[in-house]
Amino acid sequence: MNILVTGGAGFIGSHTVVELCHAGHTPIILDDFSNSERSVLDGLKNILGFEVKFIEGNCNDSSVLEKVFSSNKIDGVIHFAAAKAVGESVQNPLKYYELNVGSLITLIKTMEKHMVEKLVFSSSCTVYGEPDVIPVTEQTPRKPANSPYGNTKTIGEDILRDVVLAGNQFQFIALRYFNPVGAHESAEIGELPSGVPSNLVPYITQTAIGKRKSLTIFGDDYDTEDGTNIRDFIHVVDLAKAHVAAFDHLNDISEPLYDIFNIGTGLGNSVMELVNTFEKVNNLKLNYSIGPRRPGDTVKIYGDVSKANKILNWHTEKTLEDSLRDAWRWEQKLASKK
Ligand code: WQD
């Protein structure tokens with residue numbers, strides 16, 4: 001299938017492009033490099049041995065989308081393009097609503113005009129807020145988001161649901177990601193946080209490489225075994241493969257559909273466990289200290305992924321050790337390019 005991948009030069013998008021190609025699909029990348037770098041395209045070429053079709057543009061611009069859909073045969077879309085910095089979204093909510101919600105509406109309207117029915121939407125476990133019961137299933141009630149970023153994911157899911165309920169001939173899947181970590185084993189692509197990383201693993205690898213002085217663990221006085229937060233850290237390649245599985249599932253469907261899947265490992269690891277595992281698998285000592293809690297942090301969350309296992313026939317293949325080994329290899333590769 002010819003699949004338009006918006007945000008396809010991003011962290012999860014680029015890894016998904018690789019897996020789409022390996023599965024025999026033909027991805028077309030649409031990206032404006034607002035949260036990625038052009039060098040990712042070179043990395044993809046080094047992995048795949050050929051250049052993936054790429055269009056530079058903002059998917060919130062209807063004229064860009066109109067051009068893409070009228071000059072390419074598109075069978076389906078994976079929509080990654082969005083801003084995702086939780087803290088920034090609190091400071092600048094309009095940017096997040098305009099980009100994240102606006103681009104989804106523009107995309108669906110263009111899909112409708114060109115009779116493209118299949119869409120996989122990048123959602124997030126953030127819609128669960130602080131769950132009362134873990135692991136969370138797709139039936140776990142969503143909670144009011146604690147950031148405009150999280151709210152754009154909740155709104156995005158509701159847009160997909162209501163468009164299908166209105167009787168439109170679409171097949172939509174929302175994938176609720178947990179914490180994507182790691183990098184492609186080739187170290188040709190990986191996470192490229194801009195500025196100081198807000199996410200844990202890139203901050204760890206930048207500390208280990210000497211780019212950051214020390215990691216601050218945001219609180220060790222939570223109601224968990226070791227006092228640090230629990231998360232579901234999933235290797236980005238496993239997450240990428242879930243998008244291929246979602247499309248293969250959509251391929252067999254022609255009636256209207258909106259469905260949701262948790263995409264995680266189904267396991268919870270604490271921040272401290274992750275730090276200790278990073279040190280162990282990479283045989284190094286990490287500089288870190290315990291600091292104050294970070295406002296808005298969920299204490300404990302990890303996913304029940306049995307629905308994706310069963311319906312999408314998708315299972316994780318990589319371990320936390322694989323993720324942390326690959327993340328470190330990628331950070332070392334970045335340093336060697338400097
Ligand atoms: C993880 C844990 C921090 C940095 C992410 C994405 C969000 C969404 C959900 C996709 C927390 C701790 C972190 C640091 C630390 N994903 N931490 N020191 O907050 O779970 O959210 O997944 O939509 O976009 O941000 O991920 O990596 O920021 O934090 O102690 O320097 O690591 O307190 O417990 P989070 P994170």
Side-chain angles (χ1 to χ4, degrees), residues 7 10-13 15 35 79-90 96 100 121-131 134 136 142-143 145-157 174-182 191 193-208 211-234 236 239 242-243 262-265 268-278 286-303 320 323-324 327:
F11 175 40
I12 305 167
H15 288 81
N35 199 13
H79 185 43
F80 290 108
K84 63 150 225 164
V86 173
E88 185 197 27
S89 76
V90 175
Y96 277 69
N100 294 6
F121 173 67
S122 161
S123 188
S124 164
C125 64
T126 204
V127 302
Y128 295 114
E130 185 71 57
I134 49 174
V136 289
R142 296 181 306 180
K143 288 205 174 161
N146 52 23
S147 72
Y149 159 77
N151 205 27
T152 65
K153 293 301 182 184
T154 303
I155 295 169
E157 291 188 355
L175 298 182
R176 288 176 179 165
Y177 308 159
F178 286 74
N179 289 58
V181 292
E191 201 160 0
S194 50
V196 180
S198 60
N199 292 137
L200 178 64
V201 171
Y203 204 103
I204 286 176
T205 56
Q206 289 191 9
T207 301
K211 211 170 156 184
R212 308 285 159 208
K213 274 229 283 304
S214 168
L215 166 76
T216 302
I217 291 178
F218 298 139
D220 69 347
D221 56 352
Y222 286 102
D223 175 20
T224 62
E225 217 167 291
D226 63 21
T228 62
N229 291 158
I230 307 275
R231 290 291 185 277
D232 182 333
F233 298 102
I234 177 171
V236 64
L239 176 56
H243 293 78
N262 284 339
I263 301 297
T265 63
N269 285 108
S270 76
V271 171
M272 189 57 83
E273 279 171 345
L274 189 136
V275 169
N276 294 337
T277 306
F278 180 81
L286 189 74
N287 266 346
Y288 68 85
S289 61
I290 306 295
R293 295 181 173 189
R294 180 171 70 175
D297 266 341
T298 301
V299 183
K300 292 186 250 191
I301 186 165
Y302 61 94
L320 182 64
S323 298
L324 297 174

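Both counts, for ligands and for their atoms, begin at 1 and track the order of listing. The shown structure was predicted, so the numbers you read here are calculated from the model rather than taken from an experiment. Scope of the values below: all heavy atoms of this structure, side chains included, with no hydrogens, waters or symmetry mates.
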What protein heavy atom is closest to [atom], reported as residue, atom name and distance in Å?
atom	value
atom 36 (P) of ligand 1	N199 ND2, 3.5 Å
atom 33 (O) of ligand 1	D297 OD2, 2.5 Å
atom 18 (N) of ligand 1	T216 O, 2.8 Å
atom 2 (C) of ligand 1	V271 CG2, 3.8 Å
atom 4 (C) of ligand 1	S198 O, 3.4 Å
atom 15 (C) of ligand 1	F218 CD1, 3.4 Å
atom 8 (C) of ligand 1	S124 OG, 3.8 Å

Hey, which atoms in ligand 1 end up nearer than 4.0 Å to a heavy atom of [X]?
X	value
I217	30 (O)
N179	5 (C), 20 (O), 22 (O), 26 (O), 35 (P)
N229	11 (C), 33 (O), 34 (O)

_Could you work out, for atom 20 (O) of ligand 1, the closest of M272, R231, K84, K300 by heavy-atom distance?_
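Nearest option to atom 20 (O) of ligand 1, by heavy atoms: R231.
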*From atom 3 (C) of ligand 1, work out which of R176, R294, R293 has a heavy atom at the shortest distance.*
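That would be R294.
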Quick check: do [X] and [Y] have side-chain heavy atoms less than 4.5 Å from each other?
X	Y	value
N199	K84	yes
N262	C125	no
H243	L175	yes
Q206	P197	yes

Do any N/O atoms on [X] end up under 3.5 angstrom from N/O atoms on ligand 1?
X	answer
L200	yes
Y149	yes
T298	no
T126	no

Hey, does the side chain of [X] reach the backbone of [Y] with a donor-acceptor pair shorter than 3.5 angstrom?
X	Y	value
T228	M272	yes
N269	L274	no
N100	A83	yes

*Should the ring pair F80 and Y177 be called parallel, tilted or perpendicular, given that the plane angle runs from 0 to 90° and is split at 30 and 60?*
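Rings of F80 and Y177: tilted, 30 to 60°.
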*Carefully, step by step, assess L200 and L215 under the rule side-chain contact (heavy atoms from CB on, under 4.5 Å).*
CA-CA 9 Å; L200 178 64; L215 166 76; 4.0 Å; yes
*Apply side chain to side chain donor-acceptor pair (under 3.5 Å) to the pair Y96 and E88, showing each step before the final yes or no.*
CA-CA 9 Å; Y96 277 69; E88 185 197 27; 2.4 Å; yes
